[in-house]
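A quick write-up on the structure given underneath.
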Amino acid sequence: MEDLRNKYIEAIAAAADEPALEELRVQAVGKKGEVSLKMRELGKMTPEERQVAGPALNALKDEINSALAAKKAALADAALDARLKTEWLDVTLPGRNRRQGTIHPVSQVMDEVTAIFADMGFAVAEGPQIETDWYNFDALNIPGHHPARAEMDTFYTHRAEGDNRPPHVLRTHTSPVQIRTMEKTGAPIRIICPGRVYRADYDQTHTPMFHQVEGLALGKDISMANLKWVLEEFFSAFFGTHVETRFRASHFPFTEPSAEVDIQCSWEGGTVKVGEGDDWLEVLGSGMVHPKVLEAGGIDPNEYQGFAFGMGIDRIAMLKYGIPDLRAFFDSDLRWLRHYGFAPLDQPTLHGGLSR
Ligand code: DAH
């Protein structure tokens with residue numbers, strides 16, 4: 001009996017897990033276990049023998065059962081300890097910041113421009129970036145021989161050999177959207193068209209792709225005076241301070257008369273400040289839409305007239321936010337984007353503020 005006891009008490013102490021423990025329980029005190037079989041032998045014993053062996057076997061059974069229970073509890077404790085160790089968490093550590101993306105200054109300024117013009121009743125219109133010659137030039141009164149075509153450093157698409165149709169162009173300005181909108185909605189019209197434009201040009205202030213916003217307002221009695229008010233209103237809202245504008249007589253094929261518009265600025269301290277000083281900075285082209293352009297868009301110039309303007313978005317973004325090099329706009333350098341980018345959830349509005 002002593003051998004039996006030692007065998008099981010040692011095996012239980014050494015059991016590695018619960019299944020091993022269960023196997024030992026069956027072997028020792030299960031129905032056909034060693035201790036149970038010994039108990040069955042009690043019947044064959046003399047009463048004297050039985051009086052000694054009976055309590056001893058019962059005691060052995062109890063001892064093995066409590067060793068099993070104790071080991072089972074110990075295994076469960078160890079398992080819990082191991083789990084606690086792997087799931088340890090220092091709740092006093094500071095939280096990990098998730099990097100948030102930023103809004104590109106061009107997108108930000110497009111949203112700001114849109115908010116300001118929306119407040120004056122202008123809707124947003126869009127057109128394709130790959131245009132036909134006709135929308136980009138002819139319809140805007142820029143015929144084939146016109147020097148403006150050459151000046152624009154146009155990108156042409158490639159046609160397969162033997163395909164004699166004129167090539168498409170990457171639009172050199174947002175002005176073709178004027179024509180598309182006239183065709184689509186007819187007059188009256190009050191729209192702005194922000195978007196990408198393309199010219200083969202590259203230096204500190206020119207990139208082959210850049211952004212413009214076109215404006216177009218057509219009605220029965222829209223005049224240059226309306227144009228001046230709208231632009232002054234726009235620049236003052238955009239720069240957050242009253243901005244004087246200067247209209248200089250100019251020439252564009254699609255407007256008559258035409259004016260280039262400068263905004264008031266100062267260069268004091270080597271940096272440009274809009275809305276103060278007595279220097280001028282050219283920011284856009286504008287004028288009264290040429291009758292031929294209205295006709296190309298299917299609008300009767302005897303009934304309707306209006307103004308148009310075109311302005312560089314990247315340019316006014318650089319001015320407002322003090323960004324020196326245009327090329328960096330399109331380098332996708334994360335450090336630049338984090339520095340000049342805007343908070344993604346701050347939608348520019350006139351009442352809530354255009355930017356933070
Ligand atoms: N399309 C011109 C350009 O890209 C800008 C422009 C000038 C647009 C006068 C206009 C306008 O609508 O009236 O240089």
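Sequential numbering from 1 along the given sequence is applied to the chain's residues. Counting convention: from 1, in listed order, for ligands and their atoms alike.
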- Message: How close do Pro348 and Gln108 get, counting heavy atoms only, and between which atoms?
- Response: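 Nearest pair, atom of Pro348 first, then Gln108: CG-NE2, 3.7 Å.
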
- Message: If you take the centroid of each ring, where Trp contributes its six-membered ring, are His173 and Phe254 closer together than 6.0 Å?
- Response: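 They qualify: ring centres under 6.0 Å apart.
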
- Pick out which of Phe122, Phe117, Phe247 makes a ring pair (Phe, Tyr, Trp, His ring centres under 6.0 Å) with Phe309.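 Among Phe122, Phe117, Phe247, the one meeting ring pair (Phe, Tyr, Trp, His ring centres under 6.0 Å) with Phe309 is Phe117.
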
- Message: For a quick check: using heavy atoms under 4.0 Å, what are the residues in contact with ligand 1, sorted by chain and number?
- Response: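 Ligand 1 pocket, heavy atoms under 4.0 Å: His173, Ser175, Gln178, Arg199, Gln212, Glu214, Phe252, Phe254, Thr255, Gly285, Ser286, Gly287, Ala308, Phe309, Gly310.
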
- Message: Between Glu22 and Arg25, does any side-chain N to carboxylate O distance fall below 4.0 Å?
- Response: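 Judged by the 4.0 Å cut-off on N to carboxylate O distance, Glu22 and Arg25 do form a salt bridge.
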
- Item | Other residues, nucleotides, ligands: >12 heavy atoms within 6.0 Å of Glu303 CD | yes

- Query: Do Asp333 side-chain atoms and Ala328 backbone N/O form a donor-acceptor pair below 3.5 Å?
  - Reply: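 No; judged by distance alone, with no hydrogens or angles, the pair does not exist.
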
